[in-house]
There are 2 protein chains.
Amino acid sequence: MADSVVLDPVDLHILRLLQNDARTTYRELAAEVGVAPSTCLDRVARLRRSGVILGHQLRLDPAKLGRGLEALLSVQVRPHRRELIGPFVERIRTLPESRALFHLTGPDDYLVHVAVTDTADLQRLVLDEFTSRREVARVETRLIFQQWECGPLLPPSSGSAGTGH
Amino acid sequence: MADSVVLDPVDLHILRLLQNDARTTYRELAAEVGVAPSTCLDRVARLRRSGVILGHQLRLDPAKLGRGLEALLSVQVRPHRRELIGPFVERIRTLPESRALFHLTGPDDYLVHVAVTDTADLQRLVLDEFTSRREVARVETRLIFQQWECGPLLPPSSGSAGTGH
DNA sequence: CTTGAAATCTTCTAATC
DNA sequence: GATTAGAAGATTTCAAG
């Protein structure tokens, strides 16, 4: 299920192009990669089936939606037991302010990436949704000055990833 | 530039649908929202022009690409001056292991989300690309057990965001 | 993997409300 | 000013080689 997949240079080329712009047409992909459009269709369908491509996502600007302030919240959940962390995760995941949630090693159990209107909104969020919860032992808030997406995700340098199956 | 934009219920409905699946056709959007396909085209084009929609992105599974271990690195850069942090950011952004980079308030200046092959790969990355740099004063590594994407990004509850421009 | 054709989708113009 | 209908042009998709 989590095993890596064998990718040839054509797959990698297609993935790089689609990561650059997920709306690139099969015709353009074909011209760029040097195969027929139907081959690109076939490759992309296979990459979807094999789970390499999880989906197509819209990137939105939170500031344009009235959520111009972003922050990371480090949260300790104590005691750190399944019957407490399950509901915690579910609640945090469904908050409209939450963008991403990580379960981590280390003293802080969770990291929550949130997008809010302003500092007052952030204060409300921390007080009403985090520190008010019995299982939340500690919350540390850090504001995000700036963030960057990084280059395309590709297999480690060898070129074809792992041993496949 | 970062001002929020006025969105009516049709825009919000379209955004919700596209965040669910960015490949939804205008025809399907139209049927769901209750307007003509050409209207959907128009709305989406406007949302792009106004900057609400930044682009279309492919979501990939790092594990399937041979990067089954993810981690967050907290980094202190000292002294924290522009002539040092500029090259640092540029270098980290272009690492194939980097997925996202945040400049933060608080004692740790940067948070780097990385995807690597295994713990040996992570050790190499930390030693060769972080602690070996003169301006990196401290690196704290936390492994990611699990991560979740959260619900669709929408304007704060009032329904239409901000005052527009 | 490619060709080629059919179905579907995107996109534009003109007309309408 | 925004929306719709309809038509032309692309694109996607499939079957056959």
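Labels below follow one simple rule: chain letters A, B, ... track the order of the sequence lines, proteins then strands, and each chain is numbered from 1. Nothing here was measured: the structure is a model prediction, and the numbers come from that model.
If you take CG of B:Asp11 and C1' of D:dG1, they are 14 Å apart, rounded to a whole angstrom. If you measure from atom CG of A:Asp42 to atom P of D:dT12, you get 14 Å, rounded to the nearest angstrom. The CG atom of B:Leu29 sits 8 Å away from the P atom of C:dT10 (whole-angstrom rounding). For the pair A:Asp8 CG and C:dC1 C1', the interatomic distance rounds to 12 Å; values are reported in whole Å. Residue A:Arg27 contributes atom CZ, which lies 15 Å from atom P of C:dT2 at whole-angstrom precision. In this structure, the CZ atom of A:Arg48 is 14 Å from the C1' atom of D:dT12, given to the nearest Å. In this structure, A:Leu41 places its CG atom 18 Å from P of C:dA6, rounding to the nearest Å.
In the helix from C:dC1-D:dG17 to C:dC17-D:dG1, the rotation axis of the first five pairs and that of the last five pairs differ in direction by 30°, rounded to 10 degrees.
In this structure, of D:dT11, C:dC1, C:dC12, it is D:dT11 that holds the atom nearest to the side chain of A:Thr25. Closest to the side chain of B:Val35, from the set D:dT13, C:dC9, D:dT4, is D:dT4. Side-chain atoms of B:Ala36 lie closest to D:dA5 of the nucleotides D:dA5, D:dC14, D:dA2.
With A:Asp11 as the partner, the side chain to side chain donor-acceptor pair (under 3.5 Å) test is satisfied by one option alone out of A:Arg46, A:Arg16, A:Arg43: A:Arg43. Here the rule is side-chain contact (heavy atoms from CB on, under 4.5 Å) with A:Phe145, and of B:Asp109, B:Leu104, B:Thr105 only B:Thr105 fits it.
For B:Ser38 and C:dT11, the shortest distance from a side-chain N or O to OP1 or OP2 is not below 4.0 Å. Between B:Arg43 and D:dA2 there is no side-chain N or O to OP1 or OP2 distance below 4.0 Å. The phosphate of D:dT12 (OP1 or OP2) has no side-chain N or O of B:Arg23 nearer than 4.0 angstrom.
A donor-acceptor pair under 3.5 Å is formed between the side chain of A:Arg67 and the backbone N or O of B:Leu154.
Of the charged side-chain nitrogens involved, none lies within less than 4.0 Å of a carboxylate oxygen, so that A:Glu135 and A:Arg91 do not count as a salt-bridged pair.
Separation of atoms CG (B:Leu47) and SG (B:Cys40) is listed at 10.5 Å; rounding is to 0.5 Å.
Ring planes of B:Tyr110 and B:Phe88: tilted class, angle from 30 to 60°.
Each of B:Glu28 and A:Arg46 was assigned the nucleotide of DNA chain C with the nearest heavy atom; the assignment lying further toward the 5' end belongs to A:Arg46.
Counted within 6.0 Å of CD on A:Gln123, heavy atoms from surrounding residues, nucleotides or ligands total 12 or fewer; the atom is thus considered open.
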